[in-house]
Amino acid sequence: MSVKTRFAPSPTGYLHVGGARTALFSWLYARKHGGQFVLRIEDTDLERSTQESVDAILEGMQWLDLDYDEGPFYQTKRFDRYNEVIDQLIEKGMAYRCSCSKERLDNLREEQMAAKQKPRYDGHCRHADVSADEPHVIRFLNPTEGSVKFKDLVKGDIEVSNNELDDLIIRRTDGSPTYNLTVVVDDHDMEITQVIRGDDHINNTPRQINMYQAMGWSVPEFAHLPMILGDDGARLSKRHGAVSVMQYADEGYLPEGLLNYLVRLGWSHGDQELFSREEMIQLFELTNVNRAPSAFNTEKLNWLNAHYIKEASPADLAPLLQKHFQQLDIEATDLAVLAQIVEAQRERASTLVELADISAFYFNDPEGYSSKPAKKALVEEAIAPLTHARKALAQLAAWEREPIHQCVADAVAALEIGFGKLAMPLRISVTDGAPSPDLDLTLFLVGREATLRRIDNAIVFIQENAS
RNA sequence: GUCCCGUUCAUCUAGAGGCCUAGGAUCCCAGCCUUUCACGCUGGUUACAGGGGUUCGACUCCCCUACGGGACGCCA
């Protein structure tokens, strides 16, 4: 049978990095084996599922470019099918009606906890004759003897005794099916061969296997991925800031960077750190997935993202940078110029937000010269070199890198001073100390008009501060 | 509390009994490069949770303890 995996999020929030990694591994497994990848929205919790969440998940998947061959399927559209299966289970005597009240269940739980036992349903209604007319739920009749064994593709052999399991509810009082039932029906109907999901589902697996067997269905393979912890080692939550995949997009990360980071979180291929999409697919193996949870480390993500910013083609980054400039109220319309800025600045930034930040000076004149380097460079003895250079630059025939460089070199020679004596004040005049590339390139990109204006401003600044 | 899963540098990880006086990457520190800041390069600090076994030999296998996580819902 050919491989088929799925990603099955519940739309009760955005796509966070943990979900994204689960999706990635499922997708990778399918692609690696030339199989199919299915997206299924598990929205049976009518209370908490929202269309916004569905949209957010779809948007995240698209941004990461995790394409699916089937779906998205919605469980709310398959209620007829679930009910059909539930009815079959009742007919087979593998499920039964239960009318236990909430109060009874709560009391039972309390008693069991007090007796230091695992809280579980006691099977009270197993043999009670509950009428179909009175309010009731349907419970799955779990075997009482023996144990369930399965070989997890990540964790290895797992065995759970059936007396640890209770008769779980598969249909609510309102007639809607519950997760453990729907997931089994769907994974069977959709012919999923490997169920790859977070290890918070490990405990559900034995009961699901019992349901497969009750229906006489073949059981898929399971692979349970360890959780991703936050920067501080605690469970990932909103407290840790950017947990939504799209928030990473907003913060200037590239999908390549996030994906590469995520794939190395819990999975490895020897000492290799950098993986292209193709390499991931080719090299991915479930056997190399770590069994222990891992902590999300933003610094390493930053390093990877910086790498991909350096690797990308400037033309591709230009429109992205443009968007981030807009966040700074900078309207940069010329994509060719933007591409040049990318090329000049990118080794200094690990995100596009940072790139826009440190590149703002190309468009905005310095607001005063309060930086530390400015205090050092913009002193009285800089006035003469600046004035000289300003004049020369104003007269330059062509505003290109090479002539600018020559012009500065000539000025230095004419003044008989060290290169830095002119270069530093000049650079600071234009940037107020913001990190910047080679001087000629910096001046070139800032443009002649702005360069001259900023030199004038700097000279005025020195004069005012010297007196 | 009960059950399940886990535990190698601060972090991500390599390691499938001798190759390990434990390797790589991020971070941090130092040096080099340099007209700023970076990039890059070179070097450095730091780890097998603890205790018992098994074995000629254990990071690797088994057991116990500790610690961490997960599950125990008419949530998924």
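Convention: sequence-line order gives letters A, B, ...; per-chain numbering from 1.
The nucleotide whose nearest atom lies closest to any side-chain atom of A/Asn290 is, among B/rA14, B/rC12, B/rC74, B/rA14. Side-chain proximity of A/Tyr179 to the nucleotides B/rA76, B/rU36, B/rG69 is greatest for B/rA76. Of the listed nucleotides (B/rU13, B/rU35, B/rC5), B/rU13 has the atom at the smallest distance from the side chain of A/Ser294. For A/Met424, taking side-chain heavy atoms from C-beta onward, the closest of the listed nucleotides B/rU36, B/rU13, B/rC74 is B/rU36. Nearest to the side-chain atoms of A/Thr173 among the listed nucleotides B/rU35, B/rC74, B/rU2 stands B/rC74. Checking B/rC74, B/rA76, B/rC4 against every side-chain atom of A/Val137, the shortest atom distance belongs to B/rC74. Nearest nucleotide to the side chain of A/Ser268, out of B/rA14, B/rG6, B/rC12: B/rA14. Side-chain atoms of A/Phe419 lie closest to B/rU35 of the nucleotides B/rU35, B/rC12, B/rG70.
Contact check on A/Asp166 versus A/Arg207 returns a salt bridge, with a Lys/Arg side-chain nitrogen under 4.0 Å from an Asp/Glu carboxylate oxygen.
Using the six-membered ring where Trp is involved, A/Phe363 and A/Phe325 have ring planes that are perpendicular, over 60° apart on the 30 and 60° scheme. Using cut-offs of 30° and 60° on the angle between ring planes, the pair A/His405 and A/Phe419 is tilted. Ring-plane geometry between A/Phe150 and A/His224 is classed as perpendicular, the angle between the planes exceeding 60 degrees on a 0 to 90 degree scale with a lower cut at 30.
Annotation: A/Glu159, atom CD; neighbour count of heavy atoms from other residues, nucleotides and ligands within 6.0 Å is above 12. Around atom CZ of A/Arg97, more than 12 heavy atoms belonging to other residues, nucleotides or ligands sit under 6.0 Å away. Other residues, nucleotides and ligands contribute more than 12 heavy atoms inside 6.0 Å of the CD atom of A/Gln117. The environment of CD in A/Glu279 is crowded: more than 12 heavy-atom neighbours from other residues, nucleotides or ligands sit within 6.0 Å. When the shell of 6.0 Å around CD of A/Glu134 is examined, it contains more than 12 heavy atoms from other residues, nucleotides or ligands.
Under the Watson-Crick and G-U wobble criteria, each requiring two contacts below 3.5 Å, nucleotide B/rA14 is left unpaired. Across all strands shown, B/rU7 forms a Watson-Crick or G-U wobble pair with B/rA66, both key distances being under 3.5 Å. Nucleotide B/rU55 forms no Watson-Crick or G-U wobble pair with any nucleotide shown, as no partner meets the under 3.5 Å limit on both distances. B/rG73 is unpaired under the Watson-Crick or G-U wobble criterion, no partner having all donor-acceptor distances under 3.5 Å. A 3.5 Å limit on both hydrogen-bonding distances identifies no Watson-Crick or G-U partner for B/rC37. Across all strands shown, B/rC29 is found opposite B/rG43 as a Watson-Crick or G-U wobble partner, with both distances under 3.5 Å.
In terms of position along RNA chain B, the nucleotide closest to A/His269 lies nearer the 5' end than the nucleotide closest to the other residue of the pair A/His269 and A/Gln75. Mapped onto RNA chain B by nearest heavy atom, A/Ala8 and A/Val160 fall at different nucleotides, with A/Val160 at the one closer to the 5' end.
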### Task
Evaluate the criterion ring-ring contact (aromatic ring centres under 6.0 Å, His included) for residue pair A/Phe284 and A/Phe25; output intermediate values, then yes/no.
CA-CA 8 Å; A/Phe284 187 76; A/Phe25 283 19; 5.1 Å; yes
### Task
Step by step, work out the side-chain hydrogen bond (donor to acceptor under 3.5 Å, both in side chains) result for A/Tyr261 and A/Asn297.
CA-CA 9 Å; A/Tyr261 178 71; A/Asn297 183 229; 5.4 Å; no
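Annotation: B/rC12 and B/rU7 have their P atoms spaced 12 Å apart (nearest Å). A distance of about 43 Å separates the P atoms of B/rU55 and B/rC72, rounded to the whole Å. Of the P atoms belonging to B/rG31 and B/rC39, the separation is 16 Å, rounded to the nearest Å. One C1' atom belongs to B/rG44, the other to B/rU2, and the distance between them is 49 Å to the nearest Å. A gap of 14 Å separates the P atoms of B/rA47 and B/rU8, to the nearest Å. Here, B/rA49 and B/rU13 have their P atoms 15 Å apart, quoted to the whole Å. Here the separation of B/rA71 from B/rC29, taken at their P atoms, is 39 Å to the nearest Å. A gap of 12 Å separates the P atoms of B/rG18 and B/rU60, to the nearest Å.
The shortest distance between the side-chain N/O atoms of A/Thr178 and the OP1/OP2 oxygens of B/rG73 is not below 4.0 Å. Considering only side-chain N and O atoms, A/Arg109 lies under 4.0 angstrom from the phosphate OP1 or OP2 of B/rG73. Remark: A/Arg291 is in phosphate contact with B/rG6, judged by side-chain N or O atoms under 4.0 Å from OP1 or OP2. Dashed line: the shortest gap from a side-chain N or O of A/Asn163 to OP1 or OP2 of B/rU2 is not under 4.0 Å.
Rounded to an integer number of Å, the gap from CG of A/Leu165 to P of B/rG73 is 12 Å. Rounded to a whole Å, the CZ atom of A/Arg207 is 16 Å from the P atom of B/rC3. Look at CG on A/Leu225: it is 14 Å from C1' on B/rG6, rounded to the nearest Å. In this structure, A/Arg6 places its CZ atom 14 Å from P of B/rA76, rounding to the nearest Å. Between A/Ile228 atom CD1 and B/rU13 atom C1' there is a gap of 14 Å when expressed in whole angstrom units. In this structure, A/Asp166 atom CG and B/rA71 atom P are separated by 16 Å, rounded to whole Å.
In this structure, A/Thr431 reaches neither bases nor backbone, as no heavy-atom distance under 4.0 Å exists between it and the strands shown. Nucleic acid contact for A/Asn204: base, since at least one base atom lies under 4.0 Å from a heavy atom of the residue. Using a 4.0 Å heavy-atom distance criterion, A/Lys116 is classed as a sugar-phosphate-only contact. Among the atoms of the strands shown, none is found under 4.0 Å from any heavy atom of A/Gly418.
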Between the protein and nucleotides 20-27 of chain B, are there any N/O to N/O pairs under 3.5 Å, and if so, what are the atom names and distances?
residue, atom, partner, partner atom, Å
B/rG23, N2, A/Asp271, OD1, 2.9
B/rG24, N2, A/Arg264, NH2, 3.3
B/rG24, N2, A/Glu273, OE2, 2.8
B/rA25, O4', A/Glu273, OE2, 3.3
B/rU26, OP1, A/Trp303, NE1, 3.3
B/rU26, O2', A/Glu299, O, 3.4
B/rU26, O2', A/Lys300, N, 3.3

Close N/O contacts between protein and nucleotides 37-39 of chain B (under 3.5 Å):
residue, atom, partner, partner atom, Å
B/rC37, O2, A/Arg348, NE, 3.4
B/rC37, O2, A/Arg348, NH1, 2.7
B/rC37, N3, A/Arg348, NH1, 2.8
B/rA38, O2', A/Glu347, O, 2.5
B/rC39, O3', A/Lys310, NZ, 3.1

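Side chain of A/Glu251 to main chain of A/Thr351: no donor-acceptor pair is present (N/O by atom type, distance under 3.5 Å, no hydrogens or angles).
Taking 4.5 Å as the limit, every side-chain heavy atom of A/Phe140 sits out of range of all side-chain heavy atoms of A/Asp167.
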